[in-house]
Amino acid sequence: MSVGERLDDEDTVVMSLKLYNTLKKKREEFVPLEEGKVGIYVCGITAYDVCHIGHARSAVVFDVIYRYLKYKGYDVTYIKNFTDVDDKIIGKAIAEGTDIATISERYIKEHNEDMDRLGVARPTVTPRATENIKGMIRLIDTLMERGLAYVVNGDVYYSVEKFAGYGKLSGRGLDDMMAGARIDIDEKKKNPYDFVLWKASKEGEPWWSSPWGNGRPGWHIECSVMSQRFLGDTFDIHGGGEDLIFPHHENEIAQSEGATGKPFANYWMHNGFIKIDSEKMSKSLGNTLTIKQTLVAYHPEVVRFFILQRHYKSYIDFSDAAMAEARMGMERVYAALKGIKDARGEEADLSDLSEKDLDKEDEIVFEKVRTLPDRFTEAMDDDFNTPMALGYIFDIVRVINSYLPAKESPFTRGMLFTLSEARERIREAGKVLGLFLEDPDDYFAKDQEREVRKAGLDEEEIERLITERRQARDAKDWGRADEIRDLLVGKGIILKDTPTATTWKIG
RNA sequence: GGCGGCAUAGCCAAGUGGCUAAGGCAGCGGUCUGCAAAACCGUUAUUCACCGGUUCGAGUCCGGUUGCCGCCUCCA
């Protein structure tokens, strides 16, 4: 069996990965350049500010793509850059009276913290623009030699009219764009859409020496250089937010293909945006939400779940209500995982369980559970359909929930084996999605702690009241017990009475 | 003005020509309970914005209408 294929039990079924290629505007079968290997480049952040949930979406989406490609058995090289020289970084450095390295270092560190908390795996390499200036100068030089770039007063511009394929990614021709141009006419440029490759430095700005004088790179050249450096002239997948399609990715193609004469990336993938309360998130609207703010209010897996419940290409609408729903959904899965955990008990050694332990009823459940990996793969092979993959996980959750409470402790070996299988299969899919990876008790403990903090409640006071209610109930003093219950409900606390204890949660 | 996307139950959301239109949330019914709640189970779209067309067959393809949205400027 070769990589990228799975063989079914009976007949040979080639399950190939299909993905939507922005370049072709259609879904295509994914065929890597080199069998068994994938090179993927995703545009990273400009390190001038803390990351917002839009960054989180892009990071989580491509994290899942990266993990899934590895799950399929590919040897994946995943490159995500940091832009650490740029107008905004320079502006901030000047404002703070420091240098750009201090600024970019600070926000790269913040970014990495955010990613770690979101459970986003580190890419294979995270190159920085300033480490690749020489490569940029070489690439610009090649573009000059090929007649695709020109110099004006120490600035170097790319001449878009000289590149025949300009507009092929964004699907717009230069003529179309000129018709409704909303851009400023810059006298220095031959065409308004020409973009800067190298900028002559102004007083007080960082600079590197170049054949065109002291300056710094333009906004687009770094990605052409870093992708080529780590993945070669042509590579498999290039990703980023949909806003980058034009001009950034269009310009990358012009730079790279203009210089090498070879195709740049074979597949282009773009994630959709996050809106907040149905509005576009932007600094001008003042409705940006940072990852750190989001994680104060929600468990990182709830954030991931929220993102993965929608297909990566469509926009998603962030709101407290939507996040509350995501939290409820996560709770459902974790509740099932807790049921499995509790059934198994802490101590028991279950390593010698096998299919031989299954009775007829166990077998029916076991067979359903065992279909999860194939169904998960089917969904993910279909342009990374994470909503469908999650739907399949919920199907298994329902199967287990129906099976579990019907049983009385002690559990038979066959039941324990079936439950173990369910847990493992959910965990296997969860590892790709970055979900359901916590111990259920830890998950609920953290969730409760977070909710208590958000509601500004006093946990000890709640516990004291619950104990008092417990005592009242034991004494069959229903009046007092209900009085306390009403008090707690008034604070948003939901009591969970079981025969042996009362626990609680915030609803 | 140019380019592109989307419209599926109360809400969110899969579905890209053919079994009974996934799944989640909310709602309703049931189990449980001192009564509740929580949890679990069951249930909730003869129908996919509207009109026409292609086809043996369309939510899925084509044309039109309406309504939202994105990009064209740094932006994930």
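Chain letters run A, B, ... following the sequence lines, proteins first and then strands; every chain starts at 1.
Checked for salt-bridge contact, A:Glu483 and A:Arg469 miss the test: no charged N lies under 4.0 Å from a carboxylate O. Of the charged side-chain nitrogens involved, at least one lies within less than 4.0 Å of a carboxylate oxygen, so that A:Glu468 and A:Arg464 count as a salt-bridged pair.
Checking A:Thr377, A:Val399, A:Ile426, A:Asp395 one by one against A:Leu372, the side chain to side chain contact (heavy atoms under 4.5 Å, CB included) holds for a single residue, A:Ile426.
Contact between the side-chain N/O atoms of A:Arg398 and the OP1/OP2 oxygens of B:G23 is found at a separation under 4.0 Å. Residue A:Lys280 places at least one side-chain N or O closer than 4.0 Å to OP1 or OP2 of B:C71. Note on A:Tyr193: a side-chain N or O is less than 4.0 Å away from OP1 or OP2 of B:U73. Close to B:G15, at under 4.0 Å from its OP1 or OP2, lies a side-chain N or O of A:Asn385. Taking side-chain N and O atoms only, A:Arg310 has no distance below 4.0 Å to OP1 or OP2 of B:G24. For A:Asn401, a side-chain nitrogen or oxygen approaches OP1 or OP2 of B:C41 to under 4.0 Å.
By the neighbour-count criterion of 12 heavy atoms within 6.0 Å, atom OH of A:Tyr315 is sparsely surrounded, having that number or fewer from other residues, nucleotides or ligands.
The side chain of A:Asp382 lies closest to B:G15, out of B:A13, B:A76, B:G15. Set against B:C41, B:C25, B:G23, the side chain of A:Met328 has B:C25 as its closest nucleotide. Among the nucleotides B:C25, B:C74, B:G15, the one closest to the side chain of A:Glu325 is B:C25.
The nearest whole Å value for the distance from the CD atom in A:Glu242 to the P atom in B:G5 is 12 Å. A straight line from CZ of A:Phe273 to C1' of B:C74 spans 11 Å, rounded to a whole angstrom. We find that NZ of A:Lys275 is positioned 10 Å from P of B:A13, with the value rounded to whole Å. In this structure, the CD atom of A:Glu28 is 18 Å from the P atom of B:U16, given to the nearest Å. The CD1 atom of A:Ile274 sits 14 Å away from the C1' atom of B:C75 (whole-angstrom rounding). Between A:His111 atom NE2 and B:A76 atom C1' the separation is 10 Å, expressed in whole Å. The distance from atom CG of A:Asn251 to atom P of B:U73 is 11 Å, rounded to the nearest whole Å. The separation between A:Ile245 atom CD1 and B:C74 atom C1' is 16 Å, rounded to whole Å.
Among the protein residues, A:Ser314 comes within range of the sugar-phosphate backbone only, with heavy atoms under 4.0 Å from sugar or phosphate atoms but none that close to a base. If you check every strand for non-hydrogen atoms under 4.0 Å, A:Met281 touches a base. Counting non-hydrogen atoms under 4.0 angstrom, A:Gly272 reaches a base of the nucleic acid. Across all strands, A:His248 comes closer than 4.0 Å to no nucleic acid atom at all (heavy-atom distances). Base engagement by A:Gly54 is indicated by at least one non-hydrogen atom pair under 4.0 Å involving a base atom. At the heavy-atom level, A:Thr503 lies nowhere under 4.0 Å from the strands shown.
The six-membered or imidazole ring of A:Phe306 lies near that of A:Phe318, with a centre-to-centre distance under 6.0 Å.
Pairing partner, B:C71: B:G2, with both Watson-Crick or wobble hydrogen-bond distances short of 3.5 Å. Using Watson-Crick or G-U wobble geometry with both donor-acceptor distances under 3.5 Å, B:C25 finds its partner in B:G10. Using Watson-Crick or G-U wobble geometry with both donor-acceptor distances under 3.5 Å, B:U54 finds no partner in any strand shown. Taking a pair to require two hydrogen-bonding distances under 3.5 Å in either a Watson-Crick or a G-U wobble arrangement, B:A76 remains unpaired. With a cut-off of 3.5 Å on both pairing distances, the Watson-Crick or G-U wobble partner of B:U31 is B:A39. Pairing of B:U65, defined by two Watson-Crick or G-U wobble distances under 3.5 Å, is identified with B:A49.
Residue side chain A:Gln309 does not reach the base of B:G24 through any donor-acceptor N/O pair under 3.5 Å, judged by distance alone.
Projected onto RNA chain B by closest heavy-atom contact, A:Gly171 and A:His220 fall at different nucleotides, the more 5' of which corresponds to A:Gly171.
The aromatic ring of A:Tyr392 does not sit over the base of B:G23; the criterion of centres under 5.5 Å apart with planes under 30° is not met.
Between the side chain of A:Ser58 and the backbone N or O of A:His55, no donor-acceptor pair lies under 3.5 Å.
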*asked:* One character per nucleotide, please: for nucleotides 31-38 of chain B, 5' to 3', B when the base has a protein heavy atom closer than 4.0 Å, S when only the sugar-phosphate does, - otherwise.
replied: ---BBBBS
